[in-house]
Amino acid sequence: MVHYPGSGGHKIYFSTDLDMSAKDIIEYYRTRFQIEFCFRDSKQFTGLNDCQARDLKKLDFAFNASLTSVNIAKVMRKRYYPSLSIGLLKAYLSNTYILKRIFSKSGLKPNRTFNTKLIKELFGFVAEAA
């Protein structure tokens, strides 16, 4: 049992291995939840469930790509955008890609001064939608 004095709450952790130390039990639980969050984020944001291949090599590649992209997104979020969720980060990166693609296909040269306001509005729509 772990008491959390700041919140006044407590949690009970269990293990069938009676020789395991309390520190190891808590560390295993933390690791387990990080793995579960990785799978949850992969399902929600990187299409872990969307692959329709039947070949094992293709499925293996799709699963690895999905889980790797979540891990990369978590590192990017932690380093550059700590206030954003993984979902908002995905939306920002998608919008940035689309915006760059529009400019590259249209042949127009972006005017940074003029477009700064438009870009902030575009990203603001994402923040409001989330």
Side-chain angles (χ1 to χ4, degrees):
M1 178 182 286
V2 178
H3 294 281
Y4 297 100
S7 64
H10 64 277
K11 290 187 179 180
I12 300 173
Y13 298 96
F14 294 97
S15 173
T16 56
D17 185 356
L18 300 177
D19 297 327
M20 189 180 287
S21 69
K23 182 181 175 185
D24 287 342
I25 293 173
I26 292 172
E27 198 60 37
Y28 276 42
Y29 269 88
R30 283 187 184 142
T31 303
R32 176 182 158 237
F33 282 116
Q34 288 304 313
I35 292 169
E36 287 186 15
F37 291 145
C38 190
F39 277 106
R40 180 202 65 192
D41 290 343
S42 293
K43 288 178 181 180
Q44 288 179 348
F45 304 118
T46 61
L48 182 66
N49 291 340
D50 296 337
C51 181
Q52 296 181 3
R54 297 291 179 257
D55 183 49
L56 290 179
K57 289 181 181 180
K58 292 177 182 175
L59 286 169
D60 186 51
F61 176 80
F63 297 152
N64 283 326
S66 178
L67 293 167
T68 300
S69 11
V70 165
N71 287 325
I72 291 170
K74 285 183 179 185
V75 169
M76 281 182 64
R77 186 189 66 82
K78 187 175 184 179
R79 184 175 294 166
Y80 302 111
Y81 310 99
S83 63
L84 297 180
S85 67
I86 296 292
L88 262 180
L89 177 63
K90 178 188 174 190
Y92 279 159
L93 294 175
S94 296
N95 285 347
T96 303
Y97 172 74
I98 290 170
L99 195 60
K100 285 182 177 181
R101 188 152 168 89
I102 288 170
F103 281 122
S104 71
K105 292 295 180 182
S106 69
L108 298 173
K109 298 216 179 212
N111 180 340
R112 289 184 182 239
T113 310
F114 176 71
N115 291 332
T116 301
K117 180 182 175 188
L118 298 175
I119 291 170
K120 285 182 180 178
E121 279 185 34
L122 175 68
F123 289 154
F125 289 140
V126 173
E128 291 171 10

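Every heavy atom of this structure was used, including side-chain atoms; hydrogens, water molecules and symmetry mates were not. Nothing fancy with the numbering, it's 1 onward along the sequence. These numbers come from a predicted model, not from an experiment.
- Remark: Arg40 does not engage Glu36 in a salt bridge, criterion side-chain N to carboxylate O under 4.0 Å.
- Atoms CZ and OG1, on Phe63 and Thr46 in that order, are 11.5 Å from each other to the nearest 0.5 Å.
- When all heavy atoms are compared, the tightest approach of Arg54 to Gln52 is NH1-O, 3.3 Å.
- Listed for the Ser69 side chain is a donor-acceptor partner under 3.5 Å among the backbone atoms of Ser66.
- No more than 12 heavy atoms of other residues, nucleotides or ligands lie within 6.0 Å of OH in Tyr80, so this atom counts as exposed by the packing criterion.
- No donor-acceptor pair closer than 3.5 Å links the side chain of Asp24 to the backbone N or O of Met20.
- Rounded to the nearest 0.5 angstrom, Leu67 CG and Asp41 CG are separated by 10.5 Å.
- Note on ring orientation: taking the six-membered ring where Trp is involved, the planes of Tyr29 and Tyr13 are perpendicular (angle over 60°, cut-offs 30° and 60°).
- In this structure, Lys58 contributes its side chain and Ala53 its backbone to no donor-acceptor pair below 3.5 Å.
- Leu93 and Leu84 fall within the same hydrophobic cluster, defined by Ile, Leu, Val, Met, Phe, Trp and Tyr side-chain heavy atoms under 4.5 Å apart, directly or through other members.
- The two residues Met76 and Leu89 come nearest to each other via the heavy atoms CB-CD2, 4.4 Å.
- Using a 4.5 Å cut-off between side-chain heavy atoms of Ile, Leu, Val, Met, Phe, Trp and Tyr, with links allowed through other members, Ile26 and Phe33 fall into the same hydrophobic cluster.
- Summarising the geometry, atom CD1 belonging to Ile86 is positioned 11.5 Å from atom NZ belonging to Lys90; distances are rounded to the nearest 0.5 Å.
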For the pair Tyr97 and Arg101, evaluate side chain to side chain contact (heavy atoms under 4.5 Å, CB included) and give the outcome as yes or no after the intermediate values.
CA-CA 6 Å; Tyr97 172 74; Arg101 188 152 168 89; 3.5 Å; yes
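- Taking CG of Asn64 as the start and CG of Asn71 as the end, the distance is 10.5 Å to the nearest 0.5 Å.
- Counting only distance, with no hydrogens or angles, the side chain of Arg79 and the backbone of Arg77 share no donor-acceptor pair below 3.5 Å.
- With rounding to the nearest 0.5 Å, the separation of CD in Gln44 from CG in Asn49 is 10.5 Å.
- Interatomic distance, His10 NE2 to Tyr4 OH, rounded to the nearest 0.5 Å: 11.0 Å.
- Residues Phe37 and Leu48 fall into different hydrophobic clusters, defined by Ile, Leu, Val, Met, Phe, Trp and Tyr side chains chained together at heavy-atom separations under 4.5 Å.
- With a 6.0 Å radius and a threshold of 12 heavy atoms from other residues, nucleotides or ligands, Phe45 has its CZ atom above the threshold.
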